[in-house]
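To start, the structure under review is shown below, and the notes come after it.
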Amino acid sequence: MDFIYLHTMWILIILTFISSVAYFITDELIPKLKELFIKAGLYGIDLCKTSKDKVPEALGVVSGCTFLVTSFLFIPIVFGNNLMDVKSFPHSEFAELLAALLSICCMLLLGFADDVLDLRWRYKLLLPTIASLPLLVVYYVNFNSTTIIVPIPLRQILGTTINIGFVYYIYMGMLAVFCTNAINILAGINGLEVGQSVIIASSVIIFNILELGGDQSKAHTFSLYVMIPYLFTTLPLLKHNWYPSKVFVGDTFCYVSGMTFAVVAILGHFSKTVLLFFIPQIFNFIYSVPQLFHIIPCPRHRLPKYCAETDLLQTSVTVLSKKDQDNLLTKFVLKIFKLLAIVNINENNECIYMNNLTLINLFLVKLGPTSEVSLTKRLLCLQIICSCFAFLIRYPLASYFYNI
Ligand code: UD1
Ligand code: MG
């Protein structure tokens, strides 16, 4: 037992060392490849600045590639000991790691295709579902456990466990779709996509370290094998994407990140805990639903509006014409949002002007115009507070609902 623990520690130390090297390589590569991206037409304009300079887009492909290469180099280190002895080779663990990397690799490719081709929203939902298939197949072959443990207060009615069968696979597929898109729609100001991912990744790593000595240590070690290189290759991207952004990360990054979190959540069997680290993203998604499903008009960009005179960001608005207002569902949504006081509405005889339904705009509604960098910092502070809250729910409070 002690030997296995020591061996795992050594592997984690080596992985951290390789990942640190990957940090410096990624940090060097990003500025070097910037011009190449602009030449290839992969650039965007920073909508929250006066300068209309071309900012290279989709640099998430660079950190994504160094992340995958680091993971590939790491495979012989984890499985090197067993390579000579075919009989004791841990085929199922090997298949897990390969499926995880395959799903992430698929997402890198599909995300890059999205950045180049600017795909429509229905494909953005379809792509992660397809990319999660290798993962679900490995889950089926290795575990096929579709039983959920019922919280203590409901056990008298439902029993201790329920087998939800095929629905569990749909849940896991939807988790991949949610994680990828949730990060992509909480975006639009410098450093936010990468910042939130770094905080979620750090929270997952802390959780895995806390659980290393527990009875699920294998699953948490697997998660660390994926999360450590992810974190180290994402940090340099944050450095270059931080205000004022020299590069944009693109949908490639959001997809790779979301799939990485979904992979560890599914194969590490802690999807509920991962979802706890996504509280701001879950809120942002629920708040966005009326626009995502076109109950309220949804413009191409919902990021805040930049005011050049004050150098501050203001809420961006969507306009509801008379025809939009006639829709019963739209009326209902407006009523609920007004009641909850989570929307800023101005109306005249013709139109209703309301803020775009994103958490970023809600911050501006509540706190007033803010500079871009302090808005990013405030949103990231909220992410950290939510992570602390998640740990509180996961540890002291969970014992009221589960026998842990
Ligand atoms: C998602 C959001 C969209 C938001 C966009 C910003 C939904 C349904 N979609 O769309 O509302 O405007 O992300 O990323 O919520 N940009 C900046 N500053 C930044 C980051 C991005 O100005 O810090 C702009 C640039 O012009 C960049 C573009 O956003 O080129 C990238 O947008 P893209 O990622 O393609 O948008 P979506 O993911 O489709
Ligand atoms: Mg995007």
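None of these values were measured; they are calculated from a predicted model. Order of appearance sets the numbers: ligands from 1, and atoms from 1 within every ligand.
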Does the side chain of L59 reach to within under 4.5 Å of the side chain of H240, using non-hydrogen atoms?
no
- Message: Before you tell me yes or no, could you show the steps for Y225 and F74 under ring-ring contact (aromatic ring centres under 6.0 Å, His included), namely the whole-Å CA-CA distance, both residues' side-chain angles and the distance that decides it to 0.1 Å?
- Response: CA-CA 9 Å; Y225 290 168; F74 175 62; 5.1 Å; yes
Per the under 4.0 Å non-hydrogen criterion, ligand 1 touches G44, I45, D46, L47, E57, W121, K124, N184, I185, A187, G188, I189, N190, F248, D251, L292, R300, H301, R302, L303
Compute the ring centroids of F72 and F67, then answer whether they are less than 6.0 Å apart.
no
Between L186 and Q281 the two heavy atoms that sit nearest each other are CD2-NE2, 3.7 Å
Shell check on the Mg ion (ligand 2): protein N, O or S atoms less than 2.8 Å away are N184 OD1, D251 OD1
Notebook entry, point to check: How about Y255 and D114: does a side-chain donor come under 3.5 Å of a side-chain acceptor?
Noted result: yes
Notebook entry, point to check: Considering only heavy atoms from C-beta outward, does the side chain of I30 approach that of V247 to under 4.5 Å?
Noted result: yes
field: Contact check, side chains of V78 and F94, non-hydrogen atoms, under 4.5 Å
entry: no
If only side-chain N and O atoms count, and only distance matters, is there a donor-acceptor pair under 3.5 Å linking E193 with N184?
no
Given the options E93, E211, E96, K218 meets salt bridge (Lys or Arg N to Asp or Glu O under 4.0 Å) only with E93
